[in-house]
Amino acid sequence: MIEERFREIFGGAPEVVARAPGRVNLIGEHTDYNDGFVLPAAIDRYVWYAGRRRADQKVLAHSLDFADSVEFSLNDIRKDAAHAWSNYLRGVCVFVQESGLRLPGADIVLGGDVPREAGLSSSAAVEVAAAALWHKLANLAPEPVALVKLARRAENEFVGVPSGIMDQFISALGRKNHALFLDCRTLEYRHVPLQPEVKIVVCNSGVKRALAQSEYSVRARQCREAVDRLRAAGLAVNALRDVTPEQLEAHRSTLSDIQFKRARHVVSENDRVLRAVRALEDGDVENFGKLMNASHESLRDDYEVSSRELDVLASLAWRQPGVLGARMTGAGFGGCTVNLVRESAAEDFVEAIRAGYEEVLKLRAEVYVCQASNGALASAE
Ligand code: GLA
């Protein structure tokens with residue numbers, strides 16, 4: 001328990017605790033920074049914080065996962081390359097203060113079980129839980145979307161990773177047994193119930209997302225360039241979100257082959273998300289699963305962010321009985337696949353994937369059955 005660890009490290013009890021979950025994205029990949037649609041679910045893996053106010057302006061933070069401590073002043077927050085884990089917390093402090101909150105100094109312990117660098121958004125969980133903790137320490141109830149935005153600013157502007165808004169949003173606003181359908185332009189969202197007889201299974205390829213950051217920026221740039229060219233050709237669009245499949249096809253010659261493929265992924269993926277949400281709301285999990293499979297193919301062939309390991313995991317899954325759909329999840333280039341599996345088949349599925357992955361690649365895949373969970377700001381159910 002985080003309270004226990006706090007006692008061991010700082011002596012005495014913490015005043016507040018906060019937690020935020022990791023996530024899987026069921027469908028809608030690389031659409032968030034194109035003003036599009038996503039359908040993630042929070043999972044039952046969390047980052048926890050315990051904190052206690054101090055009389056001064058110092059922050060003393062201890063990471064259980066890194067067995068490492070830092071100290072900094074709220075009046076002078078800088079990036080610390082030697083303790084990179086603390087930059088998420090530092091960045092959140094910067095933007096919470098910028099939002100007008102007067103923060104007390106604090107003793108803080110954090111730790112959790114969201115696998116790192118696995119595409120399950122452990123960094124968003126660290127940020128969202130930190131933002132929730134600071135609001136508690138300052139005795140203020142956060143405005144949810146404002147908290148999501150400042151957690152994302154910590155990631156984009158302080159840590160320096162140019163991600164979209166999906167991960168912080170779901171980590172804050174996920175709901176137990178539901179996925180969250182989010183329009184990343186308007187930030188309107190609704191929770192979509194998941195069927196109890198269908199399980200979300202995550203397969204971790206064990207391959208860290210090596211190229212993810214540089215290639216992510218390249219993809220984002222290619223999407224912007226495609227929009228610029230379409231606009232120059234007379235289309236009144238602000239983002240790939242605004243482009244229809246017919247418009248894209250009609251303007252194919254305006255785009256380079258690469259730009260066309262990137263745009264085709266985003267345009268078709270947005271359409272798949274809308275159809276997937278309708279399928280889920282109609283209880284048509286089979287159709288939902290087919291859309292997941294098509295999403296993987298599009299990420300592999302058009303967006304080119306999959307990897308050999310992720311492709312092996314997806315195709316192994318497609319062959320198993322009781323599997324509705326399987327695809328890579330998150331930014332790509334390693335990390336995890338997400339699988340929708342009938343409950344009755346879940347146990348055999350876990351075994352078959354472990355064995356198959358070992359046989360084909362001589363690698364060990366960690367496979368977890370997940371529970372869609374509450375985000376940091378959801379009221380406990
Ligand atoms: C990462 C980013 C998200 C999103 C996904 C791809 O997880 O943090 O904002 O862009 O990649 O869908």
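Indexing begins at 1, ligand by ligand and atom by atom, following the structure's order.
Within the 4.0 Å heavy-atom shell around ligand 1 one does not find R152.
Residue Y33 approaches ligand 1 through these ligand atoms, each under 4.0 Å from one of its heavy atoms: 10 (O). Proximity to R23 (heavy-atom distance under 4.0 Å) selects the following atoms of ligand 1: 7 (O). Which parts of ligand 1 touch D32 is read off a 4.0 Å heavy-atom cut-off, strictly below it: atoms 3 (C), 4 (C), 9 (O), 10 (O). In summary, the atoms of ligand 1 found under 4.0 Å from a heavy atom of G164, numbered by their order in the structure, are 9 (O).
Among pairs with a residue in residues 231-287, those fulfilling ring pair (Phe, Tyr, Trp, His ring centres under 6.0 Å) read H265-Y303, at least two apart in sequence or across chains.
Surrounding CZ of R342 are at most 12 heavy atoms belonging to other residues, nucleotides or ligands under 6.0 Å away. In R221, the CZ atom is crowded: over 12 heavy atoms of neighbouring residues, nucleotides or ligands sit closer than 6.0 Å. More than 12 heavy atoms of other shown residues, nucleotides or ligands fall within 6.0 angstrom of atom CG in D76.
In terms of polar-atom proximity, G330 is not counted as a contact of ligand 1, lacking any N or O under 3.5 Å from an N or O of the ligand. Ligand 1 has no N or O atom lying under 3.5 Å from any N or O atom of S121, backbone or side chain. At a 3.5 angstrom cut-off on N or O pairs, T31 does not count as close to ligand 1.
The protein heavy-atom contact nearest to atom 5 (C) of ligand 1 is M166 CE, 3.8 Å. The closest protein non-hydrogen atom to atom 8 (O) of ligand 1 is D167 OD2, 2.6 Å.
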Test log, rule ring-ring contact (aromatic ring centres under 6.0 Å, His included), inputs Y216 and H30: CA-CA 9 Å; Y216 189 94; H30 290 279; 5.6 Å; yes
For residues 320-338, dump all side-chain donor-acceptor pairs below 3.5 Å to protein atoms at least two apart in sequence or in another chain.
residue, atom, partner, partner atom, Å
Q320, NE2, L316, O, 3.0
R327, NE, S295, OG, 3.0
R327, NH1, N25, O, 2.8
R327, NH1, L26, O, 3.2
R327, NH1, E29, OE1, 3.3
R327, NH2, E29, OE1, 2.7
T329, OG1, N25, N, 2.9
T329, OG1, N25, O, 2.9
T337, OG1, N339, ND2, 3.4

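Between the side chains of T254 and R229, no donor-acceptor pair is found at a separation under 3.5 Å.
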